[in-house]
Amino acid sequence: MARTNEEAAELVQELADLLSITGGDAYRIRAYEKAARAIVGYPEDISGLDVAGLKKIPNVGESIARKLADFNASGTIRQVLELRAQIPGGVRALTAIPTLGPRKALAVYRELGVSSVPELTEAIEEGRLRELPGFGARTEENILHGIRLMQRAGDRVLIDAAMELAEDVVAALSQVPGCLRCVYAGSLRRMRETIGDVDVLAAADDPGPLMAELTALPLVADVIAQGDKKTSVRTTRGVQVDLRVVPPESWGAALQYFTGSKQHNVRIREMAVHAGLKLSEYGLFDAASGELIVSATEEEVYRRLGLPWIPPTLREDTGEIQAALDGALPRLVTEDDLRGDLHSHTDLTDGTASLEDMVAAAAARGLEYYAITDHAPNLYMQRMTDEKMLAQRAAVGALQRRYPGMTLLHGAELNIDPDGGVDWDAGFLAGLDVCVASIHTHFTQTAEETTRRLVRVCENPHVHVIGHPTARRLGRRAPVQADWDEVFRACAHTGTALEVDCFPERLDLPADLIRRALRFGVKFAVDSDAHSPGHFRNVRYGVGTAQRGWLTPDDVINTWPLDRLRGFLARKASAA
Ligand code: DGT
Ligand code: CA
Ligand code: CA
Ligand code: ZN
């Protein structure tokens, strides 16, 4: 996607932020937010477009198109500059805290003169914040929690950002003459949900040209260390990249070593020692003679230790080595196994693409079935109505004729209310093919309340999948608290699947909870939750998370043939 689009979208998003601080109209703010997302997702570079062309971007009307034309001409949006001048920079610094809304940020600034995160922390510690009207101990606790979340996310990045960077670096280095192999390793190859730094491994006889190429890449802001074995740089976006270059004959051992995890490697090295061997990034050696035994491929290294090759997503020393010894490694689900997608949105609610475009993109993915699940009415900002829903159902029916190879399912993403109820009555819900139900409000209930809420929604015969079950957003919102074992028991008992939402900031259910749920016999749906065709690219991250949760195709309902899936969906309703 073009850099211009990103810059323009950031300005439009800033406009939304600034308006919400100054008390602007909620629908207008929402419109700017939707437009910002659409601009980022728009496949064409907007810099060459005039007002008429700009209006073709979804969710961009006349007024936003004019602002974008302003941006194309001047590199900025006049209204943003005017609003910025009205709002102190300190308030913007405060709104970066995920749990502090714009209006409260403004109040803190005006009443206490606080204009930075450290000052705010100090004000809270001194008990000054709770004296403001509308603030209390609970607010303080929430804000402190937000500050901690922000700091914790600060030194790690989401997997999509790391992946895009790694793929750019690998592509550039692979072009260098003398580069025999080049891949990313480390936590990214293991598909961890967040990435500390990007580790790239290359094989070459002469490391010099590869190290030089890395430091010369335009995305590099500064060189942290440069050497023959390892070079580290920091990118303009603040992410560290470590490049190691090894001789081609060490490839397998080096890849195994730099993929990690450290804990997995410690266990593997212990096994080598017990076998009278020594394992390093250069190879597997005879401990006594120092003679090289193997190191060309990872498979060889594992095989010589009496193990099958272990998929990187399992290498966390959480039982994978024992499973490998027992011949009990799972046959992990892959992206190719997915036959369908049970959660997606269109521009009828907060998606940015039309029904037609989403369905065309789903067909291009080669899916056998595809569910459209726009937001239900209780999330009032989405302005869903019964009439819109029925009209969409008719549109889906009509569209189906154009896609004989893909079955369209019409459903909804329901909102789980604080008591575990959902939008619409049973009669209306019975008319839908598939219902995902998700928590979108009341994130801070007690564990008891949330457990009851989720168990109750499992008992609803019309709810098939619980969407993004913990409702976390990495770096922005903590997961809801619940007695998960109790929830998993209810899912298994009622035949309710848990979603693995593929959005990089969600990856929800998280891998550790997936694995726990698996022991209760729960089934899963690995869904894109796409709001535009570009979001289908996120599926690889959801699949990575599913693999880290040890899921096989049989555990994932949207790998099943449609008949089997329909049986699963029907079983719940027939229990009603
Ligand atoms: P990250 O960057 O925090 O997301 O996680 P990793 O796993 O990528 O960790 P990193 O970048 O420090 O190291 C990359 C890999 O190199 C790591 O997964 C395993 C290997 N490695 C690094 N340091 C050590 C070590 O002290 N001992 C062993 N056995 N392996 C190490
Ligand atoms: Ca790393
Ligand atoms: Ca590293
Ligand atoms: Zn959704």
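Atoms within each ligand, like the ligands themselves, are counted from 1 in listed order. Because the structure is predicted, anything quoted here is derived from the model rather than measured.
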Trainee: For atom 9 (O) of ligand 1, state whether the nearest protein heavy atom is under 4.0 Å away.
Mentor: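 Given the 4.0 Å cut-off, atom 9 (O) of ligand 1 does not count as touching protein heavy atoms.
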
Trainee: With a cut-off of 4.0 Å, which atoms of ligand 1 are near a heavy atom of Gly186?
Mentor: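 Checking each atom against Gly186, I get 8 (O).
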
Trainee: Please report the shortest heavy-atom distance between Val114 and Leu94, naming the atom on each side.
Mentor: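 Scanning both residues, the minimum pair turns out to be O-CD1, 3.6 Å.
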
Trainee: I need the nearest protein heavy-atom contact for atom 14 (C) of ligand 1: residue, atom name and distance, please.
Mentor: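 Residue, atom and distance for the closest contact: Asp199 OD2, 3.5 Å.
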
Trainee: Do His442 and Glu449 have a side chain donor and acceptor closer than 3.5 Å?
Mentor: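 Absent: no donor and acceptor within the cut-off.
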
Trainee: Check Leu292 against Tyr282 and note the closest heavy-atom contact, atom names and distance.
Mentor: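 So the minimum-distance heavy-atom pair works out to CD1-O, 4.2 Å.
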
Trainee: Would you tell me which option among Ala254, Ser187, Gly260 has the nearest heavy-atom contact to atom 18 (O) of ligand 1?
Mentor: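 Closest candidate by heavy-atom distance is Gly260.
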
Trainee: Flag Arg156 as yes when one of its N or O atoms lies below 3.5 Å from any N or O atom of ligand 1, and as no otherwise.
Mentor: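 Yes, at least one N or O pair falls under 3.5 Å.
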
Trainee: Just by distance, with hydrogens left out, do Asn142 and Thr139 show a side-chain donor and acceptor under 3.5 Å apart?
Mentor: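 No donor-acceptor contact under 3.5 Å links the two side chains.
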
Trainee: Under 4.0 Å and counting heavy atoms only, is there anything from the protein next to atom 5 (O) of ligand 1?
Mentor: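 So far as the 4.0 Å threshold goes, atom 5 (O) of ligand 1 is in reach of a protein heavy atom.
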
Trainee: Which heavy atom of the protein is the closest neighbour of atom 15 (C) of ligand 1, given with residue, atom name and distance?
Mentor: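 Residue, atom and distance for the closest contact: Phe258 O, 3.3 Å.
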
Trainee: Considering only the protein, which heavy-atom contact is closest to atom 29 (N) of ligand 1, and what is its distance?
Mentor: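 Ranking protein heavy atoms by distance from atom 29 (N) of ligand 1, first comes Arg269 NH1, 2.9 Å.
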
Trainee: Ignoring hydrogens, what is the shortest heavy-atom contact between Ala362 and Phe536? Give both atom names and the distance.
Mentor: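 For Ala362 versus Phe536, the nearest heavy atoms are N-CE1, 3.8 Å.
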
Trainee: Taking atom types as modelled, find out whether Ser187 and Arg192 have a side-chain donor-acceptor pair closer than 3.5 angstrom.
Mentor: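 No - no donor-acceptor pair under 3.5 Å links their side chains.
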
Trainee: Could you tell me if any non-hydrogen atom of Lys262 lies under 4.0 Å from any atom of ligand 1?
Mentor: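 So Lys262 counts as touching ligand 1.
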
Trainee: Just jot down the ligand 1 atoms closer than 4.0 angstrom to any heavy atom of Asn265, in number order.
Mentor: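 Counting atoms of ligand 1 from 1, those under 4.0 Å from Asn265 are 19 (C), 29 (N), 30 (N).
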
Trainee: Of the non-hydrogen atoms in Met191 and Met163, which two are nearest, and what is the gap between them?
Mentor: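 Looking at all heavy atoms of both residues, the shortest contact is SD-CE, 3.9 Å.
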
Trainee: So, is Ser261 polar-close to ligand 1, with some N/O to N/O distance under 3.5 Å?
Mentor: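 There is no such contact.
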
Trainee: For the aromatic rings, using the six-membered ring if either is Trp, is the centroid distance between His343 and His345 under 6.0 Å?
Mentor: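 That pair passes the under 6.0 Å test.
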
Trainee: Just to confirm my output: which protein heavy-atom neighbour is closest to atom 7 (O) of ligand 1, and how far is it?
Mentor: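 Scanning the protein heavy atoms, the shortest distance from atom 7 (O) of ligand 1 goes to Arg190 NH1, 2.9 Å.
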
Trainee: Only heavy atoms count here, so choose which of Ile159, Val157, Asp197 is nearest to atom 11 (O) of ligand 1.
Mentor: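 Selected option, by shortest heavy-atom distance: Asp197.
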
Trainee: Go through the side-chain N and O atoms of Arg365 and Ser528 and say whether any donor and acceptor fall under 3.5 Å apart.
Mentor: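 No - no donor-acceptor pair under 3.5 Å links their side chains.
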
Trainee: Give a yes/no verdict on whether any heavy atom in Val266 is under 4.0 Å from an atom of ligand 1.
Mentor: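 Distance cut 4.0 Å: Val266 fails for ligand 1.
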
Trainee: If you define the side chain from C-beta out and look only at heavy atoms, does anything of Leu342 sit under 4.5 Å from Ile557?
Mentor: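 In contact.
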
Trainee: Counting only nitrogen or oxygen atoms and a 3.5 angstrom limit, does Arg192 reach ligand 1?
Mentor: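 Such a contact does not occur with ligand 1.
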
Trainee: Quick one: closest heavy-atom pair of Ile439 and His468, and the distance?
Mentor: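 Minimum heavy-atom contact is O-CE1, 3.6 Å.
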
Trainee: Check ligand 1 against Ile195 and write out every atom of the ligand that is under 4.0 Å from a heavy-atom position of the residue.
Mentor: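 Selected atoms, number and element: 4 (O).
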
Trainee: Write the atom name of the N, O or S atom in Asp242 that is nearest the Ca ion (ligand 3).
Mentor: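 Going by distance to the Ca ion (ligand 3), the closest N, O or S atom in Asp242 is OD2.
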
Trainee: May I ask you to check whether Asp242 has an N/O atom sitting below 3.5 Å from an N/O atom of ligand 1?
Mentor: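 There is no such contact.
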
Trainee: Are there protein heavy-atom neighbours of atom 22 (C) of ligand 1 below 4.0 Å?
Mentor: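 No, there is no protein heavy atom closer to it than 4.0 Å.
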
Trainee: Does any N or O of ligand 1 fall below 3.5 Å from an N or O anywhere on Thr194, backbone included?
Mentor: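 No; every N/O pair is 3.5 Å or more apart.
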
Trainee: Using a distance threshold of 3.0 Å, state whether an N, O or S atom of Asp199 lies below it from the Ca ion (ligand 2).
Mentor: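 So Asp199 counts as coordinating the Ca ion (ligand 2), yes.
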
Trainee: How far is atom 20 (C) of ligand 1 from its nearest protein heavy atom, and which residue and atom name does that atom have?
Mentor: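 Checked against all protein heavy atoms, atom 20 (C) of ligand 1 sits closest to Tyr257 O, 3.3 Å.
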
Trainee: Taking only non-hydrogen atoms of Thr259, do any sit less than 4.0 angstrom from ligand 1?
Mentor: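 Thr259: in contact with ligand 1 (<4.0 Å).
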
Trainee: side-chain contact (heavy atoms from CB on, under 4.5 Å) with Asn558: which of Val465, Leu367, Asp337, Leu338?
Mentor: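 Exactly one option meets the side-chain contact (heavy atoms from CB on, under 4.5 Å) with Asn558, and it is Leu338.
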
Trainee: Pair Glu335, Arg540 - check salt bridge (charged side-chain N to carboxylate O under 4.0 Å, His left out), show working.
Mentor: CA-CA 6 Å; Glu335 202 172 339; Arg540 61 195 293 200; 5.7 Å; no

Trainee: Got an N/O contact under 3.5 Å between Gly196 and ligand 1?
Mentor: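 Yes.
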
Trainee: Would you kindly check if the NZ (Lys) or CZ (Arg) of Arg477 is within the cone defined by 45 degrees around the ring axis of Phe443 and under 6.0 Å from the six-membered ring centre?
Mentor: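 Relative to the ring axis of Phe443, which defines the angle, Arg477 lies inside both limits.
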
